[in-house]
Structure formats: structure tokens, C-alpha cells
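Data block below; observations after.
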Amino acid sequence: MIYFALAKGRLAEDSAALLEKCGVDTSVLQKKTRKLILKSEDGKYGFFLVKPSDVPTYVEAGVADLGIAGKDTLLEQGKDLYEMLDLKLGECKLCLAGFPKRHDLLTNPHLRVATKYVNTAKKVFSERGEEVEIIHLNGSIELAPVTGLSDVIFDIVQTGSTLKANGLEVLEDVYTGITARLVVNKVSLKTKAAEILPLIGKLKEVVS
Ligand code: PRP
């Protein structure tokens, strides 16, 4: 059996649809349930439904053989796994954002940056030789500048509607092409090669 770690939330539907196109029976994922482990009706696949940021943890540990994870999460966590394929789903970008036209803030030596992506933000600013204060938040990042907790945010932007609704805008695109990636456990790729390699081949075909 092949085990997948799949993200609940905005990637869920697209991930299931893509796997279905590749011959993975995902009909069990259409059912409304609070169960977190599901098995395909043909008994070939198991699905763990996890928080998006937990996908790499399951795959690195080998509890799941395969996973679909956002590039943002992979950059942030740097887990020991194979990133095999860009699935071109859920495209977004990692940006610095704040109040409109306040690009001047980005060079402020006492800049306060709120983010879920602490490691990535530290890397970005250290590569620029800038020391900034990073404020770790778990969600609703846009609230930070609005309330005065931070000057800017470093966050993913997809449609831009959350920024707009909170009176903010992108000040700088830092990483574009943030999409969902197929990740594979290093041991599983060897021990379950006969099942995993054809599936990767099929995914490549469908994605391109
Ligand atoms: C993410 C991100 C932004 C929003 C961007 O949050 O942190 O808040 O999506 O998407 P948009 O550009 O399409 O508006 P998420 O929805 O994951 O919720 P969170 O605040 O709980 O992190």
C-alpha cells in the first residue's frame, strides 16, 4: 500500500483531482467525514489528511511515502526528503507587504517583520546583510501591520484579496513560483519503487 500525506484546505480539491487523473482512486476523499485516515476503495492507497505545514513531517519520517506540499513550507522547513515534481497547483508568491507605497520601510534598520516563515525571512534578510526583528505568528498575518505589531509582513500572496481587504499591498516579490510539489520519502523511493516510479511518471505526463 502507498500512503499519501495530503494537505487539508485550499490545496485539497486540486490535489485529489490531479491524483485521480493519474489513476489513483480518490473517490473516498469526496465524502464528508472527520476521519483523518482514509483508504481508497481499491485498497491500494492510504491517505492521511494533515495540516499543510505538517505534510513534510509525515513524509520525512516515512509514515507517508508521498506527499503534496507547498514550496513555501518546503523552503521554510528544509526537511530531508526528495522534492520530485512541481505539480503547478496553487500558485502563489512569497512577498514583503505593508501599507501602500511604504517601500521606504524595507530599508529601515529597525524593521519589524511579522511572518509564519521565520527561517525563510531570516535567510532573506541575512543574505541582504540586514538585521531585522522577526515576529513569529501562526496566521492572520495581515493583522500585524494594521495593529502596529509589525511594520511589514513576509507572507504568501495568492489572489491578493486578503492584503486588499486589510488596506495593504505587495511591496516586494521575494519568491515567485511558489506551487505545490510532490515530495517522496527517501527510503520509500527505493523500497516501493515499483509502485512509486510509475505514479511519478504519470504525474509528470499529466502536469506537462
Ligand atoms: C494565507 C496567507 C494570507 C492569505 C493569502 O493565509 O497567510 O493570509 O492566505 O491569500 P490571498 O492572497 O488569496 O488572499 P491562510 O488562508 O492560509 O490562513 P491563515 O491566516 O490562517 O494563515
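As the structure is a prediction and not an experimental result, all values here were calculated from the model. Residue numbers run from 1 in the order of the sequence given. For ligands, and for the atoms within them, numbers begin at 1 and follow the listed sequence.
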Counting non-hydrogen protein atoms only, what is the nearest one to atom 8 (O) of ligand 1? Give residue, atom name and distance. Glu142 OE2, 2.8 Å
Value rounded to 0.5 Å, distance of OG1 in Thr179 from NZ in Lys88: 8.0 Å
Is a side-chain donor-acceptor pair under 3.5 Å present for Asp72 with Tyr117? yes
Glu131 atom CD: more than 12 heavy-atom contacts under 6.0 Å: no
Check for me whether Lys164 has a heavy atom closer than 4.0 Å to any atom of ligand 1. no
With heavy atoms under 4.0 Å as the rule, classify the contact between Asp155 and ligand 1 as side chain, backbone, both or neither. side chain
How long is the straight-line distance from OG1 of Thr115 back to CG of Leu137, given to the nearest 0.5 Å? 8.0 Å
Before signing off on this row, confirm whether Gly160 and ligand 1 have an N or O atom pair separated by under 3.5 Å. yes
Establish, yes or no, whether a centroid distance under 6.0 Å links the rings of Phe48 and Phe4. no
Can you report which non-hydrogen protein atom sits closest to atom 14 (O) of ligand 1, along with the distance? Thr162 OG1, 2.4 Å
For atom 22 (O) of ligand 1, closest protein heavy-atom neighbour: Lys116 NZ, 2.5 Å
Pair Lys202 + Glu205, salt bridge at N-O below 4.0 Å: yes
Protein contact of atom 11 (P) of ligand 1 - nearest heavy atom, named by residue and atom, plus distance: Thr159 OG1, 3.3 Å
